[in-house]
Trainee: 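Input: one structure, supplied below.
Index from 1, following the sequence. Small disclaimer: the values here were computed from a predicted structure and weren't measured.
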Amino acid sequence: MSDPFLVVQDDVISSFEQTQTLLATWQRLNNKRRSPQEENEYQFMTDELHSSLKSIRSDLNDLQETIDVARDFPEDYGLTPAKLADRQRFVSDRSKVVENMRGILNNPAPSQQKQVPSAAGGGRQQSEQLAVELDNYQGNQQMLMQQQDDHFDAMLGTVRNLHGIANTMNTELDSQAILLDEVDDLVDRTQSKLSSARDKVSRFLRERGNRSLYTILILFVVILVLLMLIIFT
């Protein structure tokens, strides 16, 4: 996930470059006699510059709020004190540039020969300083991207391992399913044999019971006959 500060910071740098180019054109028009068409362009550029500086000022305020939130516990946001100081320096330097540009716009004079301020406060030396800071920033960005690539590679390796484990578990589950099917078949066969044995036992008991009944009746008749013989003789 991208750092919101870095995303907004990139937008601010891009907006500064566009605003500097526009301000340079505005200054050339401001320091000359303007035709009616150039006057319209001049007024349009003035409005655009005010709008751009207002937008940049708003972005810088948002960046300052993120710095203020992370100032007490920078480690919670993955920041070191040095990184936090770099971010504060970026916001402070660009805020000065915004105020400098506003001063040029709010106090235009035909004789003024101010140059477009650099993103670090104006002047060749500060422009060179900004170039160094930009190089450092790009280097930090490349390092961050390399770290993210390494992190993604590690995540990819983990995903591959999990995929291998999932395949092994799937194979094991298939084997277990086959064993369960075999157990079900064995249980069915055993149940069928038990039912057959139970039927045979029931049939045997019924046949044996009938024979016992016949035997008892025969004995009863014999005893009855003997009693009659005894009584009548």
Trainee: Can you confirm whether F90 sits close enough to D86 that some side-chain heavy atom of one is under 4.5 Å from a side-chain heavy atom of the other?
Mentor: no
Trainee: Assess, by modelled atom type and distance only, whether the side chains of R71 and Q88 contain a donor and an acceptor separated by less than 3.5 Å.
Mentor: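 Per modelled atom types, R71 and Q88 side chains form a pair under 3.5 Å.
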Trainee: Can we say E99 and R102 salt-bridge, meaning some charged N sits less than 4.0 Å from an Asp/Glu carboxylate O?
Mentor: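 Yes.
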Trainee: Please report the shortest heavy-atom distance between P74 and L84, naming the atom on each side.
Mentor: CB-CD2, 4.3 Å
Trainee: Are any side-chain N or O atoms of N30 and backbone N or O atoms of W26, one a donor and one an acceptor, separated by less than 3.5 Å?
Mentor: no
Trainee: Consider only side-chain heavy atoms of I, L, V, M, F, W and Y, link residues closer than 4.5 Å, and tell whether I231 and M228 are in one cluster.
Mentor: yes
Trainee: If hydrophobic clusters are built by linking Ile, Leu, Val, Met, Phe, Trp and Tyr wherever their side-chain heavy atoms come under 4.5 Å apart, do I218 and L226 end up in the same one?
Mentor: yes
Trainee: Can you give me the closest heavy-atom contact between M101 and Q20, atom names plus distance?
Mentor: CE-CG, 3.7 Å
Trainee: Any chance the side chains of E65 and N61 put a donor and an acceptor closer than 3.5 Å?
Mentor: no
Trainee: Taking C-beta and beyond as the side chain, do E41 and R34 meet within less than 4.5 Å on heavy atoms?
Mentor: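 Contact flag for E41/R34 side chains = no.
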Trainee: How many angstroms lie between CG in L105 and CG in N100, if you round to the nearest 0.5 Å?
Mentor: 10.0 Å
Trainee: Do the side chains of F73 and E75 get nearer than 4.5 Å, heavy atoms only?
Mentor: yes
Trainee: Short question: side chain of T46, backbone of Y42 - any donor-acceptor pair under 3.5 Å?
Mentor: yes
Trainee: Would you give the length of the straight line joining atom CG of L23 to atom CZ of R28, rounded to the nearest 0.5 angstrom?
Mentor: 10.0 Å
Trainee: Measure the spacing between CG of L22 and CD of Q27 and express it to the nearest 0.5 Å.
Mentor: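 Spacing of CG (L22) from CD (Q27) equals 10.5 Å.
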Trainee: Let me confirm one number: the NZ-CD distance from K32 to E38, rounded to the nearest 0.5 Å.
Mentor: 3.5 Å
Trainee: Using 0.5 Å steps for rounding, measure from the CD atom of E17 to the OG atom of S15.
Mentor: 9.0 Å
Trainee: If Ile, Leu, Val, Met, Phe, Trp and Tyr residues are connected whenever their side-chain heavy atoms lie under 4.5 Å apart, and connections chain through other members, are L6 and I56 in the same group?
Mentor: yes
Trainee: If hydrophobic clusters are built by linking Ile, Leu, Val, Met, Phe, Trp and Tyr wherever their side-chain heavy atoms come under 4.5 Å apart, do Y77 and I67 end up in the same one?
Mentor: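 Result: yes, single cluster for both.
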Trainee: Side chains of D59 and R94, heavy atoms from C-beta outward: is any pair under 4.5 Å?
Mentor: no
Trainee: Hey, does Q43 have a side-chain heavy atom less than 4.5 Å from the side chain of L29?
Mentor: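 L29 vs Q43: side chains apart.
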Trainee: Do P36 and N40 have side-chain heavy atoms sitting under 4.5 Å apart?
Mentor: no
Trainee: Going by the side chain to side chain contact (heavy atoms under 4.5 Å, CB included) test, name the single residue among V98, L63, V91 that passes it with V12.
Mentor: L63
Trainee: Can you tell me how far CG of L53 sits from OG of S58, rounded to the nearest 0.5 angstrom?
Mentor: 12.5 Å
